[in-house]
Amino acid sequence: MENILEIKYDGKPCYDIVLENDFKKLAYFLNQTGKKYQRICIVSDTNVASYYIDDVRDALRDVSGEITQFVFQAGEASKNLNVVEDLYESLIKAHFDRKDLLVALGGGVVGDMTGFAAATYLRGIDFIQVPTSLLAMVDSSIGGKTGVDFRAFKNMVGAFHMPRLVYMNLSVLKSLPQEQFKSGMGEVIKHGLIADRSYFDFLIKDREKICAFDPDAILHVVKRSCEIKGAVVEEDPKEQGIRATLNFGHTIGHAVEKLSKFSLFHGQCVAVGSVAAAYLSMKKGLIKGSDYELIRQVISDYGLPVSVCAETYHADEILKTTKSDKKMQAGKIKFILLEQIGKAVIDTSLTDADLLEGINEILK
Ligand code: GLY
């Protein structure tokens with residue numbers, strides 16, 4: 001069918017990404033996995049649960065006679081081992097075993113944390129992703145990266161654990177707060193930049209339709225981004241090589257996110273980080289000045305930041321935080337640059353002085 005993407009692992013079919021406009025076919029696609037589940041726990045946060053948990057529960061009624069739920073306080077501050085422990089406890093109390101299923105209903109925090117609990121509870125049980133934010137649809141629900149933040153370190157503890165299914169109800173995007181939609185667009189723009197110039201051009205041409213939630217434009221955005229991300233994670237599921245290109249904009253972006261104490265959205269930080277990375281790509285003679293200006297303009301046109309306040313963020317602090325991130329290889333930062341719009345390269349040659357130049361470009 002047209003709106004189903006099959007993701008392979010080790011060359012074999014692993015899970016489907018299904019794009020729908022309601023939750024009605026969730027049970028059908030879960031049954032298509034060929035597995036039967038006695039118990040299901042829907043994991044969600046306080047924001048998403050109030051909108052959708054009843055619909056998802058109803059949609060799953062015929063699949064399992066025993067559906068429980070675990071709802072935690074929305075926000076990045078909940079993405080930690082304490083909340084995972086609470087989830088383990090509720091699963092133990094409900095007698096969950098290896099034949100049961102977790103359903104991650106929500107954005108990136110819900111998906112990452114539920115996936116991590118699924119990877120570790122009883123040494124691994126099944127889970128599916130039902131992403132409700134644009135960011136989770138186009139990025140975090142795909143590829144099996146799961147995990148939590150540990151002390152001050154983002155995503156420092158985790159596991160690769162593939163979902164059995166990724167089911168998206170695109171109509172939920174209409175009720176997504178504007179800022180969160182824009183944040184998702186930060187990752188979408190990144191996909192165009194690292195992998196597909198014509199997709200990047202489509203994002204320029206059809207911006208008004210995309211921002212007005214035109215159903216065809218939104219379907220194209222989510223689908224093309226899922227194809228791009230899906231192709232990368234199929235080729236390199238454990239980030240031994242090309243998967244690192246998905247971190248374009250994230251090296252400096254993560255540092256800004258952390259220094260903002262998560263007051264900035266992830267996609268906003270990726271946007272600012274992308275400007276710095278595009279600037280460094282220009283300085284290294286890889287892309288033209290006009291390409292850099294275009295990238296900056298597109299990011300800004302989507303209502304995303306191209307700089308942060310120089311009074312609040314300091315270049316040396318951003319550099320230090322960048323270097324404490326896990327994107328390091330033998331003491332060198334694995335930095336992602338653009339060879340051209342639509343093609344990323346991994347670079348391990350950037351010096352601190354280079355990085356500071358990129359950082360200073362985004363401090364205004
Ligand atoms: N979000 C980057 C990755 O999944 O590898």
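Just so you know, residue 1 is the first one in the sequence shown, and it goes up from there. When a ligand or atom number is given, it counts from 1 through the structure's own listing order.
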Over 12 non-hydrogen atoms of neighbours within 6.0 angstrom of CZ in Arg98: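 Yes, CZ of Arg98 has more than 12 neighbouring heavy atoms, counting only those of other groups under 6.0 Å.
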
Geometric cation-pi criterion, Lys174 with Phe181: 6.0 Å, 45°: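 Not satisfied by the 6.0 Å and 45° rule.
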
Pairs under 3.5 Å, N/O atoms on ligand 1 and on the protein: can you put them in a table with the distances?
{"residue": "ligand 1", "atom": "1 (N)", "partner": "Asp139", "partner atom": "OD1", "Å": "3.1"}
{"residue": "ligand 1", "atom": "1 (N)", "partner": "Asp139", "partner atom": "OD2", "Å": "3.3"}
{"residue": "ligand 1", "atom": "4 (O)", "partner": "Lys229", "partner atom": "NZ", "Å": "2.4"}
{"residue": "ligand 1", "atom": "4 (O)", "partner": "Arg243", "partner atom": "NH2", "Å": "2.8"}
{"residue": "ligand 1", "atom": "5 (O)", "partner": "Lys145", "partner atom": "NZ", "Å": "2.9"}
{"residue": "ligand 1", "atom": "5 (O)", "partner": "Arg243", "partner atom": "NE", "Å": "2.7"}
{"residue": "ligand 1", "atom": "5 (O)", "partner": "Arg243", "partner atom": "NH2", "Å": "3.4"}

CD1-CG distance between Ile295 and Leu193, expressed to the nearest 0.5 angstrom: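 Atom-to-atom, Ile295:CD1 and Leu193:CG are 5.0 Å apart.
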
Any donor-acceptor N/O pair, Asp100 side chain to Asp97 backbone, under 3.5 Å: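 Yes, because the side chain of Asp100 sits within donor-acceptor range (under 3.5 Å) of the backbone of Asp97.
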
Parallel, tilted or perpendicular, as decided by the 30° and 60° cut-offs, for the rings of Phe202 and Tyr199: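 It falls in the parallel class, under 30°.
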
Side-chain ion pair, Asp214 and Lys209, N-O less than 4.0 Å: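 Salt bridge between Asp214 and Lys209, a charged N being under 4.0 Å from a carboxylate O: no.
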
